[in-house]
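Counting convention: from 1, in listed order, for ligands and their atoms alike.
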Amino acid sequence: MDFQLTEEQLEIKKWAHEFAEKEIRPVADEYDRTGEFPWPVIKKAAEAGIYSMDLYMQSQQDSSGLTLPLVMEEIFWGCAGIGLSIFGTGLPLAALANSGSSEQLFEWAPKMFGTPDDPKVAAFAVTEPQAGSDVSSLTTRATRDGDEWVLSGQKVFITNGGVADVTVVVATVDPELGHRGQASFIVSKDDPGFSTGKKEDKLGIRASDTSEIILDECRIPLDRILGGLEKLEGKLERARKGESTGRSSTALRTFEMTRPSVAIQAVGIARAALEFAADYAKERVAFGVPIAQHQSIQNMIADMAVDVESARLLVHKAAWLAASGQPFEKAEGSMSKLKAGEVAVSVTEKAIQILGGYGYIKDFPVEKWYRDSKIYTIFEGTSEMQRRVISRAVFGTA
Ligand SMILES: Cc1cc2nc3c(=O)[nH]c(=O)nc-3n(C[C@H](O)[C@H](O)[C@H](O)COP(=O)(O)OP(=O)(O)OC[C@H]3O[C@@H](n4cnc5c(N)ncnc54)[C@H](O)[C@@H]3O)c2cc1C
């Protein structure tokens, strides 16, 4: 076991940190206030080669699996809302790469990211007003009509939903079969019947677009089903006979794959808060000494440091397992997401405590990090759902 990062990884980490420090931190507050989508920062990230790095990594042999998490930690250290705008396309990309054919990947991945001069973003739409954690109860329907699929339904809380050129939509083809009757479809914003609805006004990650998607008899060509028609028919046939379909649904599989990437985002926020609080504690004087000399503050800083380090280790292990093609037998992806999400909330909360009144006001960035962190116990599987997955792995009932 070797924990030493290579020269190249250290260089990449430094490069990403400099980008976050120069291009993200200075505008984080403004985008948090306005809730505008940070296209100018995405453009700069595209020019620098950070945006679409997830696409590039698909073609690279990174046996450690650490390059992307190292970059993401730095970017989310800069701002989680902007970070999610830069890396949110990774989620639909994972769905496409995991469940699509190689032809679909070659055709649609470039459309998801656009070009450095004209970057685009993409979305992955699973959640519905009445179905979040319970992915098996989706009601968005996909029905075949000759040479087309007709999609009807409503999706809510979709990251990049209002700004995406391409959206991967999960819909049910056979409602009787629960998640085994579902399939994923590639939908373009220009397809007839596709529209976006309400943009959510959120507690945190406010630079990230979270919007409703409406599919009103949205018509798309037959070949837009991920993995192709034949694969779907085989899967439905086996499900109807009660046989195993082999793998879980696209939605669940995609979330499994992307959990370590989401977890490292939370580590980035937590680290930002730890660093800020430690610097502040060295400067702020109370009772004649810097507060860093008070044992209660030292204890909080120590607990925060242990939490950040342990969350990062879980993420790096899960990323390494995934890169080396090993399954998450102990639900390591869920473990990393659960731990990092909860650490981000508790570390940012302690950072506010260390700053006292200054932690609570908007002149300092700590209250923003606290607001940003909370989503990490909710999206891509709530903490309760992660615990469910982990306990099932322990009990052997997965
Ligand atoms: C900012 C933001 C961005 C998002 N981005 C996307 C996106 O890009 N794509 C997408 O498809 N979705 C997205 N979502 C949706 C998100 O994944 C869901 O909100 C989340 O999965 C929870 O679903 P829900 O909100 O319906 O809560 P519910 O499923 O209704 O859960 C409510 C509460 O009940 C608990 N609960 C439910 N079932 C159980 C159980 N069996 N055991 C124990 N507790 C349980 C939950 O943990 C939670 O505490 C996003 C949401 C937000 C807020």
Please identify each residue that fulfils side-chain hydrogen bond (donor to acceptor under 3.5 Å, both in side chains) with Asp307, with sequence neighbours left out.
none
Salt bridge (charged side-chain N to carboxylate O under 4.0 Å, His left out) evaluation trace for Lys362 with Glu367:
CA-CA 7 Å; Lys362 286 186 184 281; Glu367 61 83 33; 3.6 Å; yes
Counting only heavy atoms not in Gln130 (residues, nucleotides, ligands), do more than 12 fall under 6.0 Å from its CD?
no
With a sphere of 6.0 Å drawn around CD of Glu217, does it hold more than 12 non-hydrogen atoms of other residues, nucleotides or ligands?
no
Going by side-chain hydrogen bond (donor to acceptor under 3.5 Å, both in side chains), name the residues that satisfy it together with Arg141, two or more places apart in sequence or in a different chain.
none
Which residues share a side-chain hydrogen bond (donor to acceptor under 3.5 Å, both in side chains) with Glu309, sequence neighbours left out:
Arg312
With a 4.0 Å heavy-atom cut-off, what residues sit around ligand 1?
Phe124, Ala125, Val126, Thr127, Gly132, Ser133, Phe157, Ile158, Thr159, Lys202, Ile205, Thr210, Ile375, Ile378, Phe379, Glu380, Thr382, Glu384, Met385, Arg388
